[in-house]
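As structure tokens, the structure follows; a few thoughts come after it.
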Amino acid sequence: MFKIINENFGSLDAVTILNSQHGIELQIINGFGAIINKYIVNNSPFSFICGYENSDELINQNPFYSRSAKLFPFPNRLNNGRYQFNNQTHQLPANFSWSEHAVHGLLYNQAFSVVASSANESEASVTVQYSTQKLHEGFPFAFVLNITFTIDINGLLTCSTSVQNQGNLTFPFGDAWHPYFYLDTQREDCTLTMPTCLELEHVDDLPNGQKHTFNAFSKGMSLADKNLNNCFEFETNTPINLTLARTDAKACLHYQQDSSYPFIQLYTPTTEQSIAIEPMTCPGDAFNNHIGLLTLEPAQTKTFSWQCQAQYRE
């Protein structure tokens, strides 16, 4: 039987889903970016999603990583934080000291409220919500955003996001997640499989409009010596599947995002052995280059979903 525990992560609100019979633990820090902080299946001695040991580490290090946080209303970078929409110019701050751009949207450090939860023999789910009449002067739009996390007895984790425009003005947006996946080994001992797609070329961390075919991972490839910080586009109406696996077959992760997320950012941090696989509705600077940019009319709702299946063998 699943159970749901509302708890504190230091000074922050959190919620944990547990199933001791199947060795499952999923921790969400809803008090800071709706971060997925822990994802354990079959009593794995590690979390398949890298998180934080305590709230001090999260608050002090999150600006450099934004691990597993919700990225909205834009992912990646926004050129100098400036954009125009409906003949209005808007300005957002350069929020991280290491970049002149606005980075990772505006929700990565915001508090979400738990608005629904359920648990039974086969699965459990928690829904968290962020609602505002005006998130920032540079994004002066009213919306409500709901995220539902569901995990079943097999450890299949599904994350569904819905956003509704609650104002009188249409607004631009992009939606994304920023999960860092980890298999308790060096990246050089892992392989990644990803379908053939298009790689977006970048100049100074921003897409330049050029694309080329990318198939390096189409048949699976070792991550040894791979330094990734690349954005890919998938021209498909079907789900996109990736597999991250250990070469000794002790652990693997089957990842899928539906066609509502046609972009993926892959990133390999230099300070740890994880890999970020980031589902995105658009690439960086979409408010200006309009690549994949979405808009939401008054009272309109849009929904996006991704899932992952972790497997661990003792």
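As a basis for the values below, the full set of heavy atoms in this structure was taken, side chains included, without hydrogen atoms, waters or symmetry mates. Note that the coordinates shown come from a computational prediction; the quantities given were computed from them, not determined experimentally.
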Q. Is the F48-F46 ring centre distance short of 6.0 angstrom?
A. yes
Q: Considering non-hydrogen atoms only, spot the tightest contact between I153 and I24 and give its length.
A: O-CD1, 3.5 Å
**Q.** Under the side chain to side chain donor-acceptor pair (under 3.5 Å) test, residues paired with T161 that sit two or more places apart
**A.** K70
Q.
So which atom in N154 and which in Q309 form the shortest heavy-atom distance, rounded to 0.1 Å?
A. O-NE2, 2.6 Å
**Q.** Smallest separation among heavy atoms of W306 and C308, with atom names
**A.** CZ3-SG, 3.7 Å
Q) Does the H101 side chain pair with the main chain of G81, one donor and one acceptor, at a distance under 3.5 Å? A) no
Q. Does Y39 use its side chain to pair, donor to acceptor, with the backbone of A310 at less than 3.5 Å?
A. yes
Q. Do side-chain atoms of N120 reach the backbone of A124 as a donor and acceptor pair under 3.5 angstrom?
A. no
Q: With ring-ring contact (aromatic ring centres under 6.0 Å, His included) as the test, would you mind laying out the steps for F72 and F143 before giving the verdict?
A: CA-CA 11 Å; F72 182 93; F143 66 89; 5.0 Å; yes
Q.
Considering only residues two or more places apart or on different chains, which pairs with a residue in residues 129-141 satisfy salt bridge (Lys or Arg N to Asp or Glu O under 4.0 Å)?
A. K134-E137
Q | Nearest heavy atoms of H178 and L71, plus distance in Å | A | CD2-CD1, 3.7 Å
Q) Are the side chain of D189 and the backbone of T185 linked by a donor-acceptor contact shorter than 3.5 Å? A) no
(Q) Any heavy-atom pair between the side chains of T247 and T191 that's under 4.5 Å? (A) yes
(Q) Using a 3.5 Å distance criterion without hydrogens, assess whether the side chain of E7 forms a donor-acceptor pair with backbone atoms of V15. (A) no
**Q.** N/O donor-acceptor pair under 3.5 Å between D152 side chain and L156 backbone
**A.** yes
Q. Between T170 and F85, which heavy-atom pair has the shortest distance, and what is it?
A. O-CE2, 3.2 Å
Q: Could you tell me which non-hydrogen atom of F173 sits nearest to which non-hydrogen atom of L293, and how far apart they are?
A: O-CD1, 3.8 Å
(Q) With salt bridge (Lys or Arg N to Asp or Glu O under 4.0 Å) as the test, pick out the partner of K211 among E233, E201, E199. (A) E233
**Q.** Nearest-0.5 Å distance that lies between atom CZ in F214 and atom CE in M194
**A.** 5.0 Å
Q: State which residues pass side chain to side chain donor-acceptor pair (under 3.5 Å) with S55; sequence neighbours excluded, sorted by chain then number.
A: none
